[in-house]
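This one's a predicted model, so the numbers in the text were calculated from it and none came from an experiment.
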Amino acid sequence: MPALEATFLQTWSAAMTVADAHRTILAVWRIEQPRLITSLARMLRDVPLAEDLTQEALLAALERWPATGVPEKPGAWLMATAKRRALDHLRRSRMLERKHDIIAWDMEEEQRAMPDLDSALDDDIGDELLRLIFTACHPRLSHEARAALALRMICGLTTEEIARAFLLPEATIAQRIVRAKRTLSESGLAYETASGEELSKRLSSVLEVVYLIFNEGYTAASGEDWLRPQLCNEALRMGRVLTSIVPHEPEAHGLLALMELNASRTAARTDAGGEPILMLDQNRALWDHLQIRRGMQALGRARELGGAGGIYVLQATIIACHAQARTAGDTDWSRIAGLYTELAAVLRSPIIDLNRAVAVGMAEGPEVALVIVDRLAREPALKGYHLLPSVRGDLLHKLGRYEEARAAFEAAATLAGNRREHDLLRRRAAEAADAAMSS
């Protein structure tokens with residue numbers, strides 16, 4: 001963490017505007033939030049309260065740092081502030097329940113024993129973050145609310161970003177999160193890792209959350225950077241832990257395979273300036289072949305356990321087709337299209353249909369794929385999804401319909417929340433415009 005903090009501090013100067021300071025604070029916050037919530041949840045045994053107190057620490061930073069400058073150790077500052085808020089809360093309520101006295105005393109002793117708060121931040125949180133996800137995925141919460149709550153607490157995603165991930169209205173996601181936090185608070189649900197039957201009840205939701213955390217790291221919904229490697233690495237770590245907790249669950253191995261195979265392309269996915277490089281243009285020599293082998297081993301184990309038809313195993317099988325192709329031209333697009341058809345039979349989703357259209361376009365031609373994409377344009381869930389016009393623009397460009405392609409890429413850029421993706425789509429729109437002028 002110190003290296004990351006040093007990077008942020010290098011951006012600070014006396015000439016910084018309040019807006020610049022807020023952007024720096026939010027960048028630090030995205031890194032530190034999971035550790036803050038996890039630490040306080042472990043101490044307070046109350047997940048919603050832990051999140052509230054970390055939010056208070058953020059507000060304190062937003063009030064103070066623009067005037068005083070970013071502290072030398074911003075993560076430690078946030079942790080110390082959040083812990084002070086926790087102590088204040090416990091002192092106010094200690095007359096209600098004697099155990100709060102004990103917790104507060106333990107926390108004060110811990111603070112005296114740890115003068116270097118950076119060391120505390122750098123402690124390996126081990127399974128604590130996973131325990132937080134298991135708590136957020138409690139069966140008493142609705143299935144729909146579990147992932148939204150976990151993404152809010154662990155990834156620090158905004159309600160708008162979570163809504164985009166689920167292709168749902170922002171108000172719907174906001175209501176789910178509020179209800180879930182109220183249920184956790186009113187029911188006194190423990191901060192715990194489930195076991196036995198309780199673990200089975202929560203496992204599918206936990207796998208979904210880990211997958212969504214990885215996806216946010218793999219292609220960030222918003223912000224300045226296309227990738228958030230810290231989230232990918234955290235999801236991979238939790239995926240490996242899950243395969244040890246449930247070694248006979250094929251979908252756990254399938255999810256790990258999917259993440260390993262996708263992550264193997266990380267070094268080739270951006271250029272030196274952080275701009276995206278699409279898969280067909282990537283230098284495959286930069287793909288991590290050791291990670292590909294690990295992914296293939298996990299996929300093989302999932303199949304041995306009888307999980308060939310699981311949603312994560314099918315997706316991992318699709319990514320394996322890319323990983324095993326020595327060149328882009330060697331890719332078996334017909335098989336990929338067939339696998340997407342199998343996946344759509346298990347999990348109905350317009351995004352799966354859109355991905356199938358891409359594969360069909362590569363296997364059978366852009367005309368066939370465009371029919372599928374135009375039909376998907378009537379799907380309400382895809383109305384604000386930027387990849388729909390992006391795929392349409394690519395197909396139109398291949399068909400030589402450059403002016404229509406330009407309009408599609410412009411529409412996609414307007415919908416994209418991530419700056420890198422927005423810029424890429426604008427470049428593609430400009431290329432289509434140039435092609436229209438010269439045709």
Side-chain angles (χ1 to χ4, degrees), residues 1-2 4-5 8-9 21-94 97 99-133 135-136 149-158 177 180-181 184-185 189-192 230-231 234:
M1 207 58 67
L4 285 168
E5 292 178 356
F8 290 125
L9 289 174
H22 283 181
R23 279 193 292 270
T24 300
I25 292 166
L26 292 175
V28 174
W29 172 253
R30 280 205 159 188
I31 292 172
E32 301 296 345
Q33 185 190 23
R35 290 176 181 267
L36 295 173
I37 294 178
T38 301
S39 179
L40 294 188
R42 183 175 64 247
M43 296 172 182
L44 298 170
R45 320 299 294 180
D46 186 327
V47 175
L49 176 58
E51 192 199 9
D52 289 344
L53 294 175
T54 57
Q55 291 290 336
E56 289 184 18
L58 170 62
L59 291 175
L62 289 169
E63 290 172 0
R64 292 189 56 183
W65 292 5
T68 63
V70 177
E72 183 180 352
K73 298 177 180 179
W77 190 98
L78 288 168
M79 180 68 83
T81 300
K83 285 187 174 182
R84 281 197 298 271
R85 302 291 170 117
L87 285 168
D88 290 343
H89 171 83
L90 292 174
R91 290 185 185 111
R92 286 194 301 270
S93 60
R94 62 172 48 181
E97 195 169 355
K99 70 177 183 180
H100 285 176
D101 273 343
I102 299 170
I103 296 173
W105 184 86
D106 286 344
M107 291 174 69
E108 289 170 337
E109 285 298 304
E110 181 185 9
Q111 293 232 34
R112 284 193 287 271
M114 289 194 308
D116 181 5
L117 287 170
D118 251 12
S119 297
L121 286 175
D122 287 339
D123 283 348
D124 182 9
I125 59 177
D127 292 345
E128 297 298 337
L129 191 55
L130 195 57
R131 186 174 291 116
L132 186 61
I133 296 175
T135 300
L149 179 62
L151 289 172
R152 182 76 180 85
M153 293 189 303
I154 296 161
C155 292
L157 297 190
T158 65
I177 292 172
K181 290 176 68 175
L184 285 178
S185 294
L189 299 176
Y191 171 62
E192 61 185 3
Q230 182 193 26
L231 288 182
E234 193 58 62

*What pair of heavy atoms forms the shortest contact from Thr81 to Ala60, and how long is it?*
CG2-CB, 4.2 Å
*Which pair of non-hydrogen atoms, one from Ala61 and one from Pro66, has the smallest distance, and what is that distance?*
O-CD, 3.6 Å
_Within this structure, what is the CG-CG distance for the pair Leu53 and Leu58, rounded to the nearest 0.5 Å?_
13.0 Å
*Taking all atoms of both residues into account, what is the closest heavy-atom pair of Gln55 and Gln33, and its distance?*
NE2-NE2, 3.8 Å
*Rounded to the nearest 0.5 Å, how far does OG1 of Thr54 lie from NZ of Lys83?*
13.5 Å
_Shortest non-hydrogen separation from Leu149 to Lys181 and the atoms involved_ = CD1-CG, 3.5 Å
*Check Ala50 against Leu40 and note the closest heavy-atom contact, atom names and distance.*
CB-CB, 3.8 Å
*asked:* Between Arg85 and Asp52, does any NZ, NE, NH1 or NH2 come within less than 4.0 Å of an OD or OE carboxylate oxygen?
replied: no
